[in-house]
Structures are given as structure tokens and as C-alpha cells.
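The next block holds one structure in the form of C-alpha cells; read it before the comments.
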Amino acid sequence: MPEIKDLVRENIQALAPYSTARDDYDGPVGIQLDANENPFENGYNRYPDPHQKELKKLIARIKGVTPESVFIGNGSDEAIDLVYRVFCEPGRDNAVAITPTYSMYRVAAAVNDVEFREVPLSEHFGFNASGLLEAADDRTKLAFLCSPNNPTGNLLDPDEVERFVRAFEGITVLDEAYIDFAPESSFLPRLAEFPRLVILQTLSKAWGLAGLRLGLAFASPEIVGYLSNVKYPYNINCVTQEIVAHHLTKGPEEAVRRLVKERSRLLELLPTLPVVREVYPTDANFVLVQVDDPGEVYRRLIEGGVIVRDRSSLPGCAGCLRITVGTPAENERLIQLLGQI
């Protein structure tokens, strides 16, 4: 298997990252005349910590990893973009992924001029490592797996995921954005076993902090180091760091419990509606539902003030709408509107 360094673009290996004078200062905060800031205190006149040291310590403690294994991004999308920039030579390298899945993997590939190869999941959205491995070649630097998968909602078979990660010679990005709704299946406790694995998680779903745009990537300190060298210096502002640190003291367990309860109610009620053809099993905070005439159902829901996502154009998702689990009142309105169609 190649070393991590061998997978990194040569210009990134040679990159001298942006640094600040405060990187060389380890004592108590003194007189700060280094960054051309406004010196008059208003709570926001100083730049935030570009390394998010305190926040990383807190996240590492919660997640059971070392701070050196934590990368904090402006949403998970920043980490997705950065792995392309670190590992993929534009116009030469390629990435492989399952389909259907989160569309930002494909968008980020296009932005970075990287060929994106998609391998369909099975008829019931099952994952088989062999197909994705067969799609890779000696220019394949990245592979994307999402578990629980978006938009299908199902966990990928962990044995197949492990088989792929061990066999694939590039960097595997395992997106666990919805793992809080299926916590026993996270690969994070086993991160040290897989040196070429990057695990994405988020505070936007179970933690309820989507408006703050803070995503997490967990990987070996070597990979985190490369991501940190390439990111923009102050990617997480001071307000976000402060608010996130406060909310991390509470935990998402109660919200997850309530959402899982409502998810079970939707899984029970949706199949009883005449317009619904099939409701797919889900381990996330959303449900993929196949309906008659998805365009018309989508329009009728919009007219009733309910927004869902039409996923019927994706491979294997003909006729499907993706419905996020809402509050009890929101779910009641959804069922009422669907029952009228």
C-alpha cells in the first residue's frame, strides 16, 4: 500500500502554509501589534484562533480521539473540497463513489477538474465493495461512501465498508453526517486501524447547529496536517467557535430520541396512504418515499406549505421524494396533505 505522502500532490507537499506571528507565541495574551487589527475592544476586533485549539480539544474529548486527528471546516463541504485539492491532480486523477449519494462529492470533483466515476448501489440500495474497487485504477485517489446514505437513508453494510477501506489504495472518505441516528455503527472508534480513512461528521443534523456551518473531519494527524495547510487561515469565525463550544456541553441525545420516535411514526403512517408506493428503511433523520407522480405530489405539498426534496431524477430513485423528519405538528401536516392526494 502507498504511503499517505505518496498520494498527496507534489505542489501540496512543497507548500509553505500561511502562518501568523501568533503561531510563534505560546504565552499569555500580550500586546497584539502583529495582525493590523483594530485595537479598540468590541468583542470581535481580533481574528479568531486559526487552529481552533480549544474547540478541537473539546470535540476530541467528546468523540474519543486526539485533537491532532480533528479537522474543523466551514461545513463538511469544506473538507470535501480540500481532500480533492490535497490528493487529486486536476485533469489527471479521478474519484469513485456510490450512486445515488450526496451530490456535493460530484460538484466538488467538477470544481477541481477531477473525473468522477459513479457505481450504482444494488436494487435495494445495498453496497458491494467489489464494484467500487473495480471502478478504480492507478489514477484513483479518492473514494466517497456515505453511511447512512443520502438520499436513501440506509446504513451501508459495515463489513463491505471495511473490506473496501482495507483494499482501496487511495483515500476513502466515509461521510457519517447522519450517524448520530445510528450511533452503534460509526467507524470513528476504529479510526486508528485505517490510516487512509477520512471520516466526516457534522453538527448540522442531530446537534441542530446547521446555521453555524461547522463540519468535522477525523483522520490521521498526517492527513489532518495536509488539510490544515491548505485551508484558508481563519475559516471558522470566533462567534461560531464560542457558540459551538457552548452547545457541545449539552449533547444531542434528547433531540435524537424525539426524532427517532417521530421517524418511527412516519414509517408506520406513510405506507397506509394511497399515494405512497413504497417507504424505504432508514437509519437517518429522513425517509425516502416512492409515490405516484412525484412532481404532482411535490407541487401539492408546496401549495400546502410543506417543502420536501424531489429525488426522482437520481439513479434508482424513480418516483421518490426525500422527507425530513420534522416536529410532531409538522409531520401531522405532512400526513394530512399526503392523505388528500
Side-chain angles (χ1 to χ4, degrees), residues 97-107 118-129 131-132 144-158 160-161 175-182 185 204-206 256-341:
I98 58 175
T99 188
T101 196
Y102 183 40
S103 60
M104 274 305 300
Y105 313 143
R106 184 190 318 109
V107 171
E118 298 175 287
V119 177
L121 295 172
S122 70
E123 184 179 357
H124 300 290
F125 304 127
F127 170 62
N128 183 287
L132 204 58
F144 289 90
L145 298 172
C146 187
S147 182
N149 190 33
N150 176 12
T152 61
N154 62 304
L155 276 165
L156 304 184
D157 183 339
E160 287 298 298
V161 171
D175 192 341
E176 294 187 342
Y178 302 95
I179 201 63
D180 291 299
F181 304 98
S185 300
S204 296
K205 314 301 181 183
V256 169
R257 184 191 66 78
R258 295 169 65 185
L259 287 170
V260 169
K261 181 179 179 181
E262 282 301 299
R263 182 180 72 187
S264 298
R265 193 163 74 94
L266 286 179
L267 291 173
E268 180 180 339
L269 292 176
L270 285 168
T272 68
L273 302 175
V275 73
V276 172
R277 293 182 185 176
E278 185 168 1
V279 179
Y280 293 94
T282 179
D283 301 290
N285 68 329
F286 59 84
V287 183
L288 190 68
V289 181
Q290 189 180 60
V291 298
D292 294 314
D293 196 349
E296 175 64 13
V297 174
Y298 179 81
R299 183 186 67 80
R300 294 279 293 274
L301 289 175
I302 288 284
E303 289 177 351
V306 175
I307 306 172
V308 299
R309 192 76 186 272
D310 186 349
R311 302 279 74 188
S312 57
S313 63
L314 297 180
C317 295
C320 288
L321 302 177
R322 192 193 68 195
I323 301 173
T324 304
V325 178
T327 65
E330 291 170 341
N331 297 332
E332 197 64 45
R333 177 60 174 161
L334 168 76
I335 295 297
Q336 180 188 34
L337 289 173
L338 288 174
Q340 295 171 359
I341 302 174

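Remember, predicted model here, so these are calculated numbers, not experimental data. We're numbering straight along the sequence, starting at 1.
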Exercise. Parallel under 30°, tilted from 30 to 60°, perpendicular over 60°: which one fits the rings of F144 and Y105?
Worked result: parallel
Exercise. Salt bridge between R299 and E296, side-chain N to carboxylate O under 4.0 Å?
Worked result: yes
Exercise. Between E262 and R258, is the closest basic N to carboxylate O distance under 4.0 Å?
Worked result: no
Exercise. At what distance, to the nearest 0.5 angstrom, does CG of D180 lie from CG of N285?
Worked result: 9.5 Å
Exercise. Where is the tightest heavy-atom contact between R300 and Q340, given as atom of each residue plus distance?
Worked result: NH2-O, 3.5 Å
For this session: Before accepting this row, confirm whether a basic side-chain N of the pair R265/E332 lies closer than 4.0 Å to the acidic partner's carboxylate O.
Result: yes
Problem set entry | Whether Q290 side chain and C317 backbone form a donor-acceptor pair below 3.5 Å | no
Problem set entry | Closest contact, heavy atoms only, L259 versus F181 | CD1-CE2, 3.7 Å
Exercise. For E268, does its backbone N or O pair with a side-chain atom of T272 as donor and acceptor, under 3.5 Å?
Worked result: no
For this session: State the CG-CD1 distance between D292 and I341, to the nearest 0.5 angstrom.
Result: 10.0 Å
For this session: Calculate, to the nearest 0.5 Å, the distance between atoms CZ and CG belonging to R309 and L314 respectively.
Result: 8.0 Å
Problem set entry | Side chain to side chain, C320 and V289, heavy atoms closer than 4.5 Å | no
Problem set entry | Spatial distance of atom CD (Q336) from atom CG (L273) [nearest 0.5 Å] | 11.5 Å
For this session: Determine the minimum heavy-atom distance between E176 and S185, stating which atoms define it.
Result: OE2-O, 4.2 Å
For this session: Kindly determine whether R263 and L266 satisfy side chain to side chain contact (heavy atoms under 4.5 Å, CB included), including the steps that lead there.
Result: CA-CA 5 Å; R263 182 180 72 187; L266 286 179; 5.8 Å; no
Exercise. For E303, does the CD atom have more than 12 heavy-atom neighbours from other residues, nucleotides or ligands under 6.0 Å away?
Worked result: yes
Exercise. Going from CZ on F127 to CD on E160, what distance comes out if it is rounded to the nearest 0.5 angstrom?
Worked result: 6.5 Å
For this session: Could you check if a side-chain atom of D310 sits within less than 4.5 angstrom of a side-chain atom of L321, using non-hydrogen atoms only?
Result: yes
Exercise. Side chain of D283, backbone of L155: donor and acceptor closer than 3.5 Å?
Worked result: yes
Problem set entry | Student check: side-chain heavy atoms of L301 and L334 closer than 4.5 Å | yes
Exercise. Are there more than 12 heavy atoms of other residues, nucleotides or ligands under 6.0 Å from atom CD of E123?
Worked result: no
Exercise. Backbone N or O of P100 within a donor-acceptor pair of the N149 side chain at under 3.5 Å?
Worked result: yes
Problem set entry | Chi angles and distances behind the side chain to side chain contact (heavy atoms under 4.5 Å, CB included) call for Y280, T152 | CA-CA 7 Å; Y280 293 94; T152 61; over 6 Å; no
For this session: Check the pair E118, T101 against side chain to side chain contact (heavy atoms under 4.5 Å, CB included), reporting the backbone distance first and the verdict last.
Result: CA-CA 9 Å; E118 298 175 287; T101 196; 5.8 Å; no
Problem set entry | Non-hydrogen side-chain atoms of N331 and L269 separated by less than 4.5 Å | no
Exercise. Looking at I98 and L132, what are the two nearest heavy atoms and their distance?
Worked result: N-CD1, 4.1 Å
Problem set entry | Worked verdict on V306 versus I323 for side chain to side chain contact (heavy atoms under 4.5 Å, CB included) | CA-CA 10 Å; V306 175; I323 301 173; over 6 Å; no
Problem set entry | Pairwise distance CG(N150) to OG1(T282) - rounded to 0.5 angstrom | 10.0 Å
Exercise. Do the side chains of I307 and I302 get nearer than 4.5 Å, heavy atoms only?
Worked result: yes
Exercise. Would you say P294 and V291 make side-chain contact, with heavy atoms under 4.5 Å?
Worked result: yes
